[in-house]
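Order of the sequence lines fixes the chain letters, A, B, ..., with proteins taken first and strands second; residue numbering starts at 1 for each chain. A quick note: this is a predicted structure, and the numbers were derived from the prediction, not measured. The figures here come from the full heavy-atom set of this structure, side chains too, leaving out hydrogens, waters and symmetry mates.
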There are 2 protein chains.
Amino acid sequence: MGVTIKDIAKEANVSYSTVSKALNNSPLVKEVTKQKILRVAKEMGYEPNLAAKQLVRKKTEVIGLIWPTIERIVLATLVTNISKAFEATKYSMILSVDSAETSLDTFKKFQVDGMIVFAESHQMVPEDTIPLVAYGVSGKRKVAYPIIDANHEQAMEQAVQYLADLGHHHIAYVGHLDTEDALQREKAEGYQKAIKKRNLKQQSIDTSGLDWYDGYLAVEEIIQLPHQPTAIIGGSYDISGGIVRSLHEKGVSIPNDMSVVSYDNIPQMETMEIPMTCIGVPVDLLAEEIVSTIIHHIESEGSDEFIKKLTPSLTERKSAGPAPQS
Amino acid sequence: MGVTIKDIAKEANVSYSTVSKALNNSPLVKEVTKQKILRVAKEMGYEPNLAAKQLVRKKTEVIGLIWPTIERIVLATLVTNISKAFEATKYSMILSVDSAETSLDTFKKFQVDGMIVFAESHQMVPEDTIPLVAYGVSGKRKVAYPIIDANHEQAMEQAVQYLADLGHHHIAYVGHLDTEDALQREKAEGYQKAIKKRNLKQQSIDTSGLDWYDGYLAVEEIIQLPHQPTAIIGGSYDISGGIVRSLHEKGVSIPNDMSVVSYDNIPQMETMEIPMTCIGVPVDLLAEEIVSTIIHHIESEGSDEFIKKLTPSLTERKSAGPAPQS
DNA sequence: TTGTATGCGTTATCAT
DNA sequence: ATGATAACGCATACAA
């Protein structure tokens, strides 16, 4: 292993500093020689030595991401999308699956240029170290770095709007209500606000969890209601999956008898039991925003600090339709 | 940032090569000076520069792991445990969540010393590159690297043995039977073999999936059986969770009316609805084996190639007990 | 036991 | 437009 720029220089009959310039696409080298060097480099299977580059550049062009401990497919999808988004940049991403503390150690050791952390763990990270952006609900605390989040309130507003436009007057929300989790609370409150604004009947079902089965069980409650809703907003991907399954088992037709709109906007919504109409910031956009924010944060040097709430969008599929005539 | 060994040398009144030796715990430096240097280094907050070290050592002491695309909590737990196991070594681990191909590119770029891949993707990896160990069922193909796997047949033998010793004569297996997935097939076949060996009644329920709900549904089938089993072996963590839930909903007492033993041996078995008696290679042992194997594979230079089937063990908890008198 | 000198592969500065 | 050379931080062979 190990063809270096010196090897290329010998082969191409130039000095190795010229090779370096050519490889870095410097304007200081004549086009013909540049092409020749590039060709030779490719022929010889040259792979740049990261360590050497880092040593002189003082930059690694690597971003560290702390893998969220919460096992949710939506988060996993986000991480995958972030990884993909980095491919279009000069940066690479590495992951750590440890606690925030050990992850930080690892990233320091690798001397990453920046970090991405999720809401659950960003409290843990001392502010003075590596450039950082956080994703998720910020809580109250003042922080010294950019925070990216979805505008949950706006999302719920849009979902309710969409269903109301379809003629639904009784729209239920199924989600985790009574919790410390700020994200869940923001969603529930967004729903309430949108409902009140329109003078509709509020009907929140507390799942006391975020699992598939929590949605499945919630339908039992809904079925027993004296006054049935015609539409349900599911608080998350998993919850909505359980809702749909239970509804089907009970012979309730979607969307004819019941419309369902799910929170979270990930591609997997398409391949659910029924293609799911959903609301949320599309995960690829979210990923791109996070990536461009951390890169800007690193390269601007200035200490950006702001909270950016991304605008959600509603993706229409098959799970929601006009309210049934009653 | 950036206190270097030269800074330490100045502070400690020694040459920087002595510092280097001391930091590397060389026997060529007197104990007192070594201690002094170590103290000064700590005081100054010295952090070794990985890039520089790599440049001269030609080794990164970094292992790359390709994050499995299959979203299962058991795999996620394994990855976490592998990460933890590396902490006791001089190696660090980085993760890639991309396809095998792009992950490989990333790892080449980082010049990792070795890689860990999972059964699903190791077909993809060219054999000539970086030292590699694979985890999971090997399939038929001959490979040129070590493969670590659990002995699934032996696991099922143990589970059946355990239940038979408790007086169970009718033991059902709930798992994904009709599948291309070699792992699932090995488990199902292991069960069959153990049953036949004892002339017991074989009763396999095909879940056609590995999800929680697949286990939940399987109980319906079992309930309708003319001749009820007194024990169930759940094919995976998720499946067993569904089984337990459904059993409880139907008022079946565990383990009084029905014993349940789950495949997979992860700590989460303890905190299920009922503490779960389970069978499988404990995930921490599995992780340690994988880690020590890749390290040995790297450091021995020789091209190890073998398949190592780890011995599973049964962890007794509350979900299985003596067969009811009938 | 300690210090000196060289090189790892690259970028960047300065000559040419 | 190209080439020589000094860093970058560290390990190590060799000298003292």
Side-chain angles (χ1 to χ4, degrees), chain A residues 1-42 44-62 90 92 108-113 299, chain B residues 1-42 44-62 90 92 108-113 299:
Chain A
M1 68 165 267
V3 23
T4 74
I5 55 172
K6 293 189 182 174
D7 300 325
I8 299 175
K10 221 170 283 174
E11 192 71 18
N13 285 318
V14 290
S15 79
Y16 71 86
S17 79
T18 305
V19 174
S20 174
K21 283 167 197 149
L23 257 23
N24 287 294
N25 202 20
S26 159
L28 296 175
V29 47
K30 212 175 8 178
E31 192 56 28
V32 269
T33 49
K34 184 186 288 184
Q35 291 309 325
K36 182 180 175 188
I37 289 171
L38 257 32
R39 215 197 54 235
V40 173
K42 179 167 283 182
M44 300 182 73
Y46 170 74
E47 297 260 9
N49 184 316
L50 249 202
K53 193 178 288 189
Q54 288 176 22
L55 192 55
V56 32
R57 278 240 180 112
K58 307 284 211 170
K59 300 224 177 298
T60 54
E61 283 166 3
V62 173
K90 64 179 178 184
S92 306
K108 266 190 189 156
K109 183 176 154 199
F110 277 93
Q111 299 175 113
V112 299
D113 292 344
E299 297 183 350
Chain B
M1 65 166 269
V3 23
T4 74
I5 54 172
K6 291 189 184 176
D7 301 326
I8 300 175
K10 220 169 285 173
E11 192 71 18
N13 285 319
V14 289
S15 81
Y16 69 86
S17 83
T18 304
V19 174
S20 174
K21 285 167 197 150
L23 257 22
N24 287 294
N25 203 20
S26 160
L28 297 174
V29 46
K30 210 176 10 178
E31 193 57 29
V32 269
T33 49
K34 184 185 291 184
Q35 291 309 325
K36 180 180 176 189
I37 290 170
L38 257 32
R39 212 197 56 236
V40 174
K42 178 167 284 184
M44 301 181 74
Y46 170 73
E47 298 261 8
N49 183 316
L50 249 204
K53 195 177 288 191
Q54 288 176 21
L55 194 54
V56 32
R57 280 239 180 113
K58 307 285 208 167
K59 301 223 178 298
T60 55
E61 284 166 2
V62 174
K90 64 179 176 181
S92 306
K108 267 189 190 158
K109 183 177 154 199
F110 277 93
Q111 300 176 113
V112 299
D113 292 344
E299 297 183 349

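The closest donor-acceptor contact from the side chain of A:Lys21 to the backbone of A:Lys34 lies at 3.5 Å or more, if one exists at all.
Taking atom CD of A:Glu31 as the reference point, atom P of D:dT2 lies 11 Å away to the nearest angstrom. Going from atom CG of B:Leu55 over to atom C1' of D:dC8 covers 9 Å, rounded to whole Å. Counting to the nearest Å, the P atom of C:dG9 and the CD1 atom of A:Ile8 are 12 Å from each other. One interatomic measurement links the two molecules: NZ of B:Lys109 to C1' of C:dG9, which rounds to 16 Å at whole-angstrom precision. When rounded to the nearest whole Å, the span between NZ of A:Lys10 and P of D:dA4 equals 13 Å. As rounded to whole Å, 10 Å separates atom P of D:dA1 from atom NZ of A:Lys34. The interatomic distance linking B:Asn13 (CG) with C:dT1 (C1') rounds to 16 Å, in whole Å. Going from atom NZ of A:Lys6 over to atom P of D:dA4 covers 12 Å, rounded to whole Å.
Proximity of A:Ser15 to the phosphate of D:dG3: a side-chain N or O atom is located under 4.0 Å from OP1 or OP2. For the OP1/OP2 pair of D:dG9 and a distance below 4.0 Å, the side-chain nitrogens and oxygens of A:Lys58 include at least one atom meeting the criterion.
Each of B:Thr18, B:Asn24, B:Leu23 was checked for a side chain to side chain contact (heavy atoms under 4.5 Å, CB included) with B:Ser20, and the lone residue meeting it is B:Asn24.
Side-chain proximity of B:Thr33 to the nucleotides C:dC8, D:dT2, C:dT2 is greatest for C:dT2. With C:dC8, C:dT10, D:dA4 as the choices, the nucleotide that has an atom nearest any side-chain atom of A:Asn49 turns out to be C:dT10.
In A:Lys59, the NZ atom is not crowded: 12 or fewer heavy atoms of neighbouring residues, nucleotides or ligands sit closer than 6.0 Å. Annotation: B:Lys109, atom NZ; neighbour count of heavy atoms from other residues, nucleotides and ligands within 6.0 Å is above 12. Enclosure of atom CD in A:Glu11 is not indicated, since only 12 or fewer non-hydrogen atoms of other residues, nucleotides or ligands lie within 6.0 angstrom.
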Item to check | Test log, rule side chain to side chain contact (heavy atoms under 4.5 Å, CB included), inputs A:Tyr46 and A:Ile8 | outcome: CA-CA 8 Å; A:Tyr46 170 74; A:Ile8 299 175; 3.6 Å; yes
Checklist entry - Hey, mind stepping through A:Leu55 and B:Gln54 against side chain to side chain contact (heavy atoms under 4.5 Å, CB included) and telling me if it holds? => result CA-CA 10 Å; A:Leu55 192 55; B:Gln54 288 176 21; over 6 Å; no
Next on the checklist: Can you build the contact string for nucleotides 11-16 of chain C? Use B for base contact, S for sugar-phosphate-only contact, and - for no protein heavy atom under 4.0 Å.
Outcome noted: BB----
